[in-house]
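To start, the structure itself, in structure tokens.
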Protein chains: 2
Amino acid sequence: MNLTVAEENYIKSIYKLQDGDQVVSTNAIAYDLATKPASVTDMAKKLKEKKLIDYEKYQGISLTTEGRKLALQIVRRHRLWECFLVDKLSFSWDEVHEIAEELEHVRSEKLISRLSAFLGNPTTDPHGDPIPDAQGRISKSQPLISLDKATARRLEVAGVSDQSSALLEFLNAKGIRLGTQLDLIERYEFDNSVEVKIRNQPAFTLSEQVSKNIMVKSL
Amino acid sequence: MNLTVAEENYIKSIYKLQDGDQVVSTNAIAYDLATKPASVTDMAKKLKEKKLIDYEKYQGISLTTEGRKLALQIVRRHRLWECFLVDKLSFSWDEVHEIAEELEHVRSEKLISRLSAFLGNPTTDPHGDPIPDAQGRISKSQPLISLDKATARRLEVAGVSDQSSALLEFLNAKGIRLGTQLDLIERYEFDNSVEVKIRNQPAFTLSEQVSKNIMVKSL
DNA sequence: AATATAATTTAGGCAAATCTAAATAAATTA
DNA sequence: TAATTTATTTAGATTTGCCTAAATTATATT
């Protein structure tokens with residue numbers, strides 16, 4: 001199945017937005033891809049024709065098995081390139097998304113399998129998201145919880161759920177990255193902010209908005 | 001200046017074909033890009049509008065200073081990716097072109113400068129072609145080699161070491177002269193003959209005696 | 001120089017991916 | 001339930017990059 005860059009972006013967006021849900025709305029996809037609902041409807045017809053999505057007028061969109069398989073390949077390529085950029089080219093995790101967004105569309109089985117091997121067949125990307133293997137299997141890790149719901153005192157940052165560069169830059173400035181160990185000092189009920197501390201550094205406060213997007217596991 | 005992938009491919013092709021010559025023909029570009037002359041004319045108008053080429057109807061095409069600068073950037077990206085594929089991912093030289101053809105269109109200054117550093121700022125690619133630096137400077141012109149030792153696929157005849165009229169007549173009959181572009185199709189080990197092809201003509205074979213006396217440079 | 005051949009351009013069209021504006025369906029609210 | 005708002009789809013255009021066929025210009029041959 002040979003897809004255009006635009007088709008790949010739609011498949012990836014639908015995969016991301018579906019995430020367990022039954023169907024995704026035209027509007028949601030349009031917003032995610034910064035395009036117009038009318039364009040989504042057009043593309044939906046094309047992708048249905050190619051049997052990559054299930055779609056009936058006004059009934060929402062969902063990936064077929066075939067579509068999901070392709071989505072996982074695209075996600076795999078994206079996350080492997082992010083690893084490359086961070087591990088080999090010393091990019092920080094907040095810089096890599098846009099570049100990986102382009103690199104992911106270079107389609108070559110051999111390139112991706114060799115890149116994966118070169119990187120040591122990583123299973124998570126720099127944001128902590130799992131990398132599907134060549135067969136599209138995702139290694140299931142223990143469920144992470146967001147920092148705003150964490151109760152344990154010693155935590156390790158395992159991912160961020162919002163990849164906006166604004167958030168990533170903020171976290172970078174605070175010294176929070178993947179694998180950073182945090183001490184949960186206090187949770188303030190009135191605004192749901194949390195005070196945390198990185199070893200050897202003064203404590204600081206994170207708003208609920210931020211802590212909701214930091215995924216952690218207890219140590 | 002932001003170019004589409006198609007525009008970048010035209011600029012690169014013109015750069016490659018021009019190579020010292022005054023202008024490049026519509027047909028030559030069409031052949032190189034596996035497209036039709038009419039399409040080249042269309043694109044020529046667009047690129048002239050953007051001031052990347054000089055073009056007057058029926059008078060051939062040449063890059064402007066600005067166009068050449070962009071061409072060198074694209075060539076730089078292409079050749080750096082080829083280095084990456086061969087040096088880091090263990091591809092062989094004949095596999096890398098198509099993949100690099102795609103990777104070269106990922107535009108990010110930072111990506112390319114870091115990739116270059118990661119590779120040790122190489123000055124030639126796996127085919128021996130020079131890699132322009134970030135400012136578009138090329139280290140040195142390639143030394144000429146005789147056709148019987150050439151490895152690159154696309155060659156240009158740059159001279160003959162034996163000036164005997166017998167040889168020159170022979171070459172003339174074959175359509176080989178200074179500046180003729182050759183595709184190296186195959187080298188036959190048993191007698192060291194080479195099969196070559198001139199644009200739009202059937203391939204033919206040259207004996208080692210002949211090929212030893214034809215000096216070429218890779219394109 | 002006249003004619004034939006080759007190269008190039010024009011004209012008109014097509015497909016992909018997008019858009020705006022208008023129409024229609026679904027969901028919400030009064 | 002009826003009215004209103006929101007979501008979605010359709011219709012019709014636009015842009016990019018490409019095509020074929022026909023016309024035009026340049027080049028080569030006699």
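Sequence lines set the chain letters: A, B, ... in the order given, protein chains first and strands last, and positions in each chain run from 1.
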Legend entry - Residues in salt bridge (Lys or Arg N to Asp or Glu O under 4.0 Å) contact with B/E186, at least two apart in sequence or another chain: none

Legend entry - Spacing of B/I29 atom CD1 relative to C/dA7 atom C1', expressed in whole Å: 13 Å

Legend entry - Along DNA chain D, first and last positions that approach a heavy atom of chain B under 4.0 Å: D/dT16 to D/dA26

N/O to N/O distances under 3.5 Å, protein versus nucleotides 16-22 of chain C:
{"residue": "C/dA17", "atom": "OP1", "partner": "A/T4", "partner atom": "OG1", "Å": "2.5"}
{"residue": "C/dA17", "atom": "OP2", "partner": "A/K46", "partner atom": "NZ", "Å": "2.9"}
{"residue": "C/dT18", "atom": "OP2", "partner": "A/Y10", "partner atom": "OH", "Å": "3.4"}
{"residue": "C/dT18", "atom": "O4", "partner": "A/D42", "partner atom": "OD2", "Å": "3.3"}
{"residue": "C/dC19", "atom": "OP2", "partner": "A/T35", "partner atom": "OG1", "Å": "2.5"}
{"residue": "C/dC19", "atom": "OP2", "partner": "A/K36", "partner atom": "N", "Å": "3.1"}
{"residue": "C/dC19", "atom": "OP2", "partner": "A/S39", "partner atom": "OG", "Å": "2.6"}
{"residue": "C/dC19", "atom": "N4", "partner": "A/D42", "partner atom": "OD2", "Å": "3.4"}

Output side-chain donor-acceptor pairs under 3.5 Å for residues 60-67 of chain A, partner residues at least two apart or in another chain, one line each.
{"residue": "A/T64", "atom": "OG1", "partner": "A/K51", "partner atom": "O", "Å": "2.9"}
{"residue": "A/T64", "atom": "OG1", "partner": "A/L52", "partner atom": "O", "Å": "3.1"}
{"residue": "A/T64", "atom": "OG1", "partner": "A/E66", "partner atom": "N", "Å": "3.4"}
{"residue": "A/T64", "atom": "OG1", "partner": "A/G67", "partner atom": "N", "Å": "3.0"}

Legend entry - Counterpart residues, salt bridge (Lys or Arg N to Asp or Glu O under 4.0 Å), relative to B/D133 (two or more places apart): B/R137

Inset, instruction - Answer yes when A/E208 and A/R187 have at least one side-chain N-carboxylate O distance shorter than 4.0 Å, and no when they do not. - result: no

Legend entry - Close approaches to DNA chain C from residues 52-59 of chain B, in residue order (heavy atom, under 4.0 Å): B/Y55, B/K57, B/Y58

Inset, instruction - Apply ring pair (Phe, Tyr, Trp, His ring centres under 6.0 Å) to A/H105 and list each qualifying residue two or more places apart in sequence or on a separate chain. - result: none

Inset, instruction - Would you mind listing every salt bridge (Lys or Arg N to Asp or Glu O under 4.0 Å) that reaches into residues 26-36 of chain A, with sequence neighbours excluded? - result: A/K16-A/D32

Inset, instruction - May I ask you to verify if any side-chain N or O of B/T26 is less than 4.0 angstrom from the OP1 or OP2 atom of C/dT9? - result: yes

Legend entry - Partners passing salt bridge (Lys or Arg N to Asp or Glu O under 4.0 Å) against B/R114 (at least two apart in sequence or in another chain): none

Legend entry - For D/dT16, the Watson-Crick or wobble partner whose two distances fall under 3.5 Å: C/dA15

Inset, instruction - Would you please name every residue forming a side-chain contact (heavy atoms from CB on, under 4.5 Å) with B/Q209, sequence neighbours left out? - result: B/S207

Legend entry - Counterpart residues, salt bridge (Lys or Arg N to Asp or Glu O under 4.0 Å), relative to A/E56 (two or more places apart): A/K48

Legend entry - Partners passing ring pair (Phe, Tyr, Trp, His ring centres under 6.0 Å) against A/Y10 (at least two apart in sequence or in another chain): none

